[in-house]
Structure formats: C-alpha cells, structure tokens
Peer 1: 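One structure, as structure tokens, below. Some questions next.
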Amino acid sequence: MPRPERRFWLFKSEPESYSIDDLKRDGRTFWDGIRNYQVRNFLRDDVRVGDGVLFYNSNADPMAVTGTMTVVSAGYPDHTQFDPRAKHYDPASREDSPTWFMVDVEFERRFDPPVTRDMLKCHAGLAGMGVLQKGSRLSVTPVTAEEWRIIHQIAGVSDGPAKKLRRTKT
DNA sequence: GCCAACGTTGGC
DNA sequence: GCCAACGTTGGC
C-alpha cells in the first residue's frame, strides 16, 4: 500500500524555551504544552507520522524558520497537563479523558543560515502562510507542499527527508 | 515596552 | 447565550 502523501506543518517555539539546536542535541522530543483547542485538534486529529514540520522561532531575534523536523508519533495525551508542578498544568483535565495532546518529533535538518520572517514576507508565494497573517497566534499551522518547497529553495537545501524515515511500530 | 488581536472566563 | 473584563501571544 502506498504511503499517504506527506503533509506539512509549522510549529512555533520560543528559542529561549526550546530551539532547533536543543532538538539537534536531543534527536527527538515531545511537543508538549499546547493549550489551544484549535491546535489541540490539529495534533490529535491531523498530524501524522512522517509529516514534515518547519521549526519557527517566535519572540526571537531574528524570527525565522531555523530548520525542520519529522513527526514520529501520532497525537497522544500530554502528560504535563496532569502535573501540578508543570507550567501548563490543567487541573480541569482528567486522566480518563485528557484535554490536551502532543506529538513526538525528530530532528531533520538545521537551516544555516535560517530563513528569516523578513525573507518569508518577501516571497509572494508565501503570502498565505498562517504565521504571516496579522493577528495569527496559532502555534501550529498547516503548510502547503508548495510553501515547503519554496522555503527549502530559499534555504538552499533539498526538500526531501534528510534521511530514510525510521519504520515505526503502529 | 507597546499594544492589537485573540481566546477564555464568569456574571448576568 | 451574551458580552465585558481579563490574560496571553507575539510582531513591531
């Protein structure tokens, strides 16, 4: 059976909190702390293993796409919602019906230099990107295959997976 | 640091 | 169910 077509996303992170270099060091991480229902629905229902993700630095200098990652797990409950010491603890959420979900991601490649927000804004083909829309605060937004291709072209790297995707148990 | 744009909360 | 108040996000 053919692999379903690869889809693409942009995930925001404040690099002071977690950066592409942190991910390169860790190799793989869980994308926790999402507390927005629209984004929750993306993570729970739409993000799939093998999808490509742009790593975007928000609240940073410069604001930029600093690299890419690969989704390596489907959505599953974010355990930090149950932890009273966690920053994003949600006392209203119950373990038997979790409110918040997360996915696991794996480092794919680092963009050197990064593709800055200014560069994104300069390219007519990227004008529709969620992250560029005025007032957009979603920390996860869909990216089209064309936007993915253009950004890799700007970065000067191939837009295929950086390495063969590890086969994961399902 | 400012503030516009949002999402959430809670009184009614 | 409305909506004002509030807190947060995040670009500028």
Side-chain angles (χ1 to χ4, degrees), chain A residues 7-26 29-47 51-71 74-105 107-144 146-155:
Chain A
R7 290 192 291 190
F8 305 102
W9 306 89
L10 177 146
F11 287 9
K12 287 184 197 172
S13 178
E14 302 196 4
E16 298 217 343
S17 158
Y18 197 79
S19 72
I20 190 74
D21 290 321
D22 293 326
L23 181 60
K24 186 172 185 180
R25 177 198 64 214
D26 296 341
T29 193
F30 48 85
W31 205 263
D32 65 314
I34 296 299
R35 298 293 183 268
N36 169 284
Y37 286 100
Q38 203 173 336
V39 175
R40 187 278 308 269
N41 293 346
F42 282 145
L43 295 181
R44 187 189 58 189
D45 306 331
D46 300 320
V47 175
D51 285 358
V53 182
L54 300 171
F55 192 115
Y56 177 83
N57 282 2
S58 61
N59 273 327
D61 187 19
M63 290 170 283
V65 177
T66 55
T68 61
M69 24 189 193
T70 306
V71 176
Y76 66 100
D78 175 347
H79 58 83
T80 68
Q81 70 197 295
F82 307 121
D83 180 357
R85 293 159 306 175
K87 183 180 177 192
H88 299 287
Y89 173 54
D90 181 359
S93 185
R94 300 177 1 186
E95 301 226 19
D96 57 359
S97 70
T99 308
W100 306 112
F101 286 71
M102 63 186 181
V103 298
D104 290 354
V105 290
F107 176 80
E108 188 166 284
R109 56 164 61 85
R110 188 174 181 280
F111 288 166
D112 188 23
V115 178
T116 65
R117 180 179 181 85
D118 285 342
M119 293 162 76
L120 300 179
K121 285 195 291 193
C122 278
H123 200 295
L126 302 177
M129 287 189 72
V131 77
L132 295 184
Q133 305 315 302
K134 183 177 166 69
S136 165
R137 289 165 43 184
L138 291 183
S139 58
V140 169
T141 45
V143 168
T144 68
E146 179 66 2
E147 289 161 351
W148 179 266
R149 190 191 64 74
I150 291 171
I151 288 168
H152 280 74
Q153 185 176 45
I154 294 172

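Everything numeric here is computed off the predicted structure, so don't read it as measured data. Just so we're on the same page: letters track the sequence lines, and every chain starts at 1.
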Peer 1: What is the distance, to the nearest angstrom, from the NZ atom on A/Lys12 to the C1' atom on C/dT8?
Peer 2: 12 Å
Peer 1: Can you classify the ring geometry of A/Phe111 versus A/His152 as parallel (below 30°), tilted (30 to 60°) or perpendicular (above 60°)?
Peer 2: perpendicular
Peer 1: May I ask you to decide if the ring planes of A/Trp100 and A/Tyr37 are parallel, tilted or perpendicular, using 30° and 60° as cut-offs?
Peer 2: tilted
Peer 1: Would you mind reading off the distance between A/Asp118 atom CG and C/dC12 atom C1', rounded to a whole angstrom?
Peer 2: 11 Å
Peer 1: Taking only side-chain nitrogens and oxygens of A/Lys134, does any of them come within less than 4.0 Å of OP1 or OP2 of B/dA5?
Peer 2: yes
Peer 1: In this structure, how many angstroms lie between the P atom of B/dC6 and the CD atom of A/Gln38, rounded?
Peer 2: 11 Å
Peer 1: Can you tell me if A/Lys121 touches the phosphate of C/dC12, counting only side-chain N or O atoms and a distance under 4.0 Å to OP1 or OP2?
Peer 2: yes
Peer 1: Whole Å only: how far is the CZ atom of A/Arg117 from the C1' atom of C/dC12?
Peer 2: 10 Å
Peer 1: In whole angstroms, how far is the C1' atom of B/dT9 from the CG atom of A/Asp90?
Peer 2: 14 Å
Peer 1: What is the separation between atom CZ on A/Arg137 and atom P on C/dG10, rounded to the nearest whole Å?
Peer 2: 7 Å
Peer 1: Are any side-chain N or O atoms of A/Thr99 and backbone N or O atoms of A/Ser93, one a donor and one an acceptor, separated by less than 3.5 Å?
Peer 2: no
Peer 1: Just to confirm, is there a sub-4.0 Å distance from OP1 or OP2 of B/dC6 to any side-chain nitrogen or oxygen of A/Tyr37?
Peer 2: no
Peer 1: Send over the distance from A/Leu132 CG to C/dT9 C1', rounded to a whole Å.
Peer 2: 16 Å
Peer 1: Would you mind reading off the distance between A/Tyr56 atom OH and C/dG10 atom C1', rounded to a whole angstrom?
Peer 2: 8 Å
Peer 1: Does B/dG7 have OP1 or OP2 sitting under 4.0 Å from an N or O in the side chain of A/Arg35?
Peer 2: no
Peer 1: Using the side-chain contact (heavy atoms from CB on, under 4.5 Å) definition, which of the options A/Leu54, A/Val39, A/Val103 pairs with A/Phe11?
Peer 2: A/Val103
